[in-house]
**Student:** 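Handing you this structure, nothing more for now.
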Amino acid sequence: MTEEALERAAELLAGAANVVVSTGAGMSKESGIPTFRDAMEGLWARYSPQELATERGFRDQPARVWSWYAERRRQIAACEPHAGHLAVAELGRLLSGLAVVTQNIDGLHAAAGSEDVVELHGNINRFKCLDAGHPYAGEPLPFPDENTSEPPPACAVCGSPLRPDVVWFGEMLPPLAVERAWQLAENCDVMVVVGTSGTVWPAAELPFVARNNGGKVIEVNPEPSGVTEAAGLVIMRNAGEALPELVRRMERRLAGR
Ligand code: NAD
């Protein structure tokens, strides 16, 4: 069944003009970054997300939240894109009209060479100030130790503390990224959805937007998810295995033309 799904997916991609690859935390799992569910048992287990990933939490304990994010930045900096990220970048070179829409904040798609990446939930290596949202444009920031109580650096423009430019609970997604993601979903011929449980709104709607506008949806996920209902094709394998295989099959098809 997976073989058939891979071949049919390669056929759909080879004939498509506009392709979106929409990714979630499962995309980065094989790079060593825990998914949200894994993290609830590991990274987040000792703390409540309300303390670490809300504006209130940051205002209450800026040094603690800053050093917790620094520890996550340190972990992500030690990770590299895997074969699945590289396959998505290769797909972008084979199909000129390809965009990646990601819920991930780790920057691994760009690191792998994908050029058109829409980051719906921000990027952990970008910073802005808490009060005015002034972007930080200075030198890369160091990783203070998780147990130090060093306060976050101050904004060079207004002195307000710097925070990671990620979307915290209760916050709006960046409007331009949402607008672009919706346009891409409405206009794609094929959407490949990789490694998302399809439970975080509004990203979870994207496969349904694509399907309802005539796009074919292909899911890559070893487990059933909230996306499966929208997917015409399901490849139940890990991203690092399925995506390179998909690209190999597509290249064979393109070469045979
Ligand atoms: P999720 O943790 O809710 O779901 C992960 C999905 O990935 C599951 O359906 C799982 O079956 C699948 N999966 C696991 N291993 C896989 C693999 N090797 N290949 C393909 N699929 C695999 O993730 P979500 O839907 O992205 O939602 C979590 C939220 O947490 C998002 O808002 C995201 O921004 C954030 N988050 C980001 C990162 C990151 O930047 N890497 C990591 C953790 C959480």
Side-chain angles (χ1 to χ4, degrees), residues 5 8-10 12-13 15-29 33 35-37 53 84-85 87-89 91-92 95-110 112 114-124 165-239 242-243 246-247:
R8 175 79 184 121
L12 284 176
L13 284 170
N18 296 308
V19 174
V20 175
V21 179
S22 174
T23 65
M27 178 77 224
S28 292
K29 182 166 170 158
I33 301 173
T35 63
F36 191 61
R37 198 196 302 167
H85 291 104
V88 172
L91 210 53
L95 304 163
S96 51
L98 180 136
V100 177
V101 176
T102 189
Q103 296 173 68
N104 295 344
I105 58 173
D106 54 38
L108 288 182
H109 283 297
S114 284
E115 284 179 2
D116 188 2
V117 183
V118 180
E119 293 177 318
L120 284 176
H121 294 172
N123 189 309
I124 197 166
D165 191 359
V166 298
V167 177
W168 280 336
F169 292 107
E171 292 184 327
M172 300 270 292
L173 273 61
L176 289 178
V178 174
E179 194 183 320
R180 175 98 203 287
W182 251 250
Q183 272 170 5
L184 287 165
E186 282 165 5
N187 294 305
C188 69
D189 306 307
V190 178
M191 178 180 280
V192 185
V193 188
V194 188
T196 173
S197 55
T199 50
V200 178
W201 190 88
E205 269 184 54
L206 284 172
F208 293 90
V209 173
R211 185 197 65 182
N212 294 344
N213 284 279
K216 306 274 188 228
V217 177
I218 301 167
E219 179 178 37
V220 176
N221 194 322
E223 312 246 355
S225 76
V227 174
T228 311
E229 188 196 324
L233 275 177
V234 180
I235 301 169
M236 291 191 82
R237 289 210 195 151
N238 288 337
L243 294 170
L246 200 52
V247 170

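Everything quoted here is computed from the prediction, not taken from an experiment.
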**Student:** Test side-chain contact (heavy atoms from CB on, under 4.5 Å) on L243 and V194; report intermediate values, then the result.
**Tutor:** CA-CA 9 Å; L243 294 170; V194 188; 4.2 Å; yes
**Student:** Check V209 against A185 and note the closest heavy-atom contact, atom names and distance.
**Tutor:** CG1-CB, 3.8 Å
**Student:** Kindly indicate whether the side chain of L233, heavy atoms from C-beta on, has any atom under 4.5 Å from the side chain of L12.
**Tutor:** yes
**Student:** Any side-chain heavy-atom pair from Q103 and S22 closer than 4.5 angstrom?
**Tutor:** no
**Student:** Can you tell if the side chain of H85 reaches within under 4.5 Å of the side chain of S28, non-hydrogen atoms only?
**Tutor:** yes
**Student:** Between D165 and G122 (side chain of the first, backbone of the second, donor and acceptor by atom type, cut-off under 3.5 Å), is there such a pair?
**Tutor:** no
**Student:** For side-chain contact (heavy atoms from CB on, under 4.5 Å), just list the numbers for L173 and H121, CA-CA rounded to whole Å, side-chain angles, deciding distance to a tenth of an Å, and then say yes or no.
**Tutor:** CA-CA 6 Å; L173 273 61; H121 294 172; 4.0 Å; yes
**Student:** Would you say M27 and V21 make side-chain contact, with heavy atoms under 4.5 Å?
**Tutor:** no
**Student:** Output yes when a side-chain donor or acceptor of T228 lies under 3.5 Å from a complementary backbone atom of S225, and no otherwise.
**Tutor:** yes
**Student:** Flag the pair W182 / L206 as yes when at least one side-chain heavy-atom distance between them is below 4.5 Å, and no otherwise.
**Tutor:** yes
**Student:** Could you walk me through whether V192 and L13 satisfy the side-chain contact (heavy atoms from CB on, under 4.5 Å) test, starting with their C-alpha distance in whole Å, then the side-chain angles of each, then the deciding distance to 0.1 Å, before giving a yes or no?
**Tutor:** CA-CA 9 Å; V192 185; L13 284 170; 4.1 Å; yes
**Student:** Using modelled atom types only, decide if a donor and an acceptor are shared between the side chain of N104 and the backbone of A25 within a distance under 3.5 Å.
**Tutor:** yes
**Student:** How about CD on E229, more than 12 heavy atoms from neighbouring residues, nucleotides or ligands closer than 6.0 Å, or not?
**Tutor:** no
**Student:** Which heavy-atom pair separates A5 from I235 by the least distance, and what is that distance?
**Tutor:** CB-CG1, 4.0 Å
**Student:** With side-chain contact (heavy atoms from CB on, under 4.5 Å) as the criterion, how do L120 and V101 come out once you've worked through the C-alpha distance, each side chain's angles and the decisive distance to 0.1 Å?
**Tutor:** CA-CA 7 Å; L120 284 176; V101 176; 3.7 Å; yes
**Student:** Do the side chains of R180 and D116 get nearer than 4.5 Å, heavy atoms only?
**Tutor:** yes
**Student:** Quick check: closest heavy atoms across P222 and N238, and the distance to 0.1 Å?
**Tutor:** CG-OD1, 3.4 Å
**Student:** Could you measure the distance from the CD atom of E219 to the OG1 atom of T196? Nearest 0.5 Å is fine.
**Tutor:** 8.5 Å
**Student:** Quick check: do L108 and I33 have side-chain heavy atoms less than 4.5 Å from each other?
**Tutor:** yes
**Student:** Quick check: closest heavy atoms across V88 and V100, and the distance to 0.1 Å?
**Tutor:** CG1-CG2, 3.6 Å
**Student:** Between A230 and R211, what is the shortest heavy-atom contact and its length?
**Tutor:** O-CD, 3.6 Å
**Student:** So which atom in V247 and which in A87 form the shortest heavy-atom distance, rounded to 0.1 Å?
**Tutor:** CG2-O, 3.5 Å
**Student:** Counting only heavy atoms not in E115, do more than 12 fall under 6.0 Å of its CD?
**Tutor:** no
**Student:** Test your reading of the model: is there a side-chain donor-acceptor pair from E171 to the backbone of W168, 3.5 Å cut-off?
**Tutor:** yes
**Student:** If you define the side chain from C-beta out and look only at heavy atoms, does anything of K216 sit under 4.5 Å from D189?
**Tutor:** no
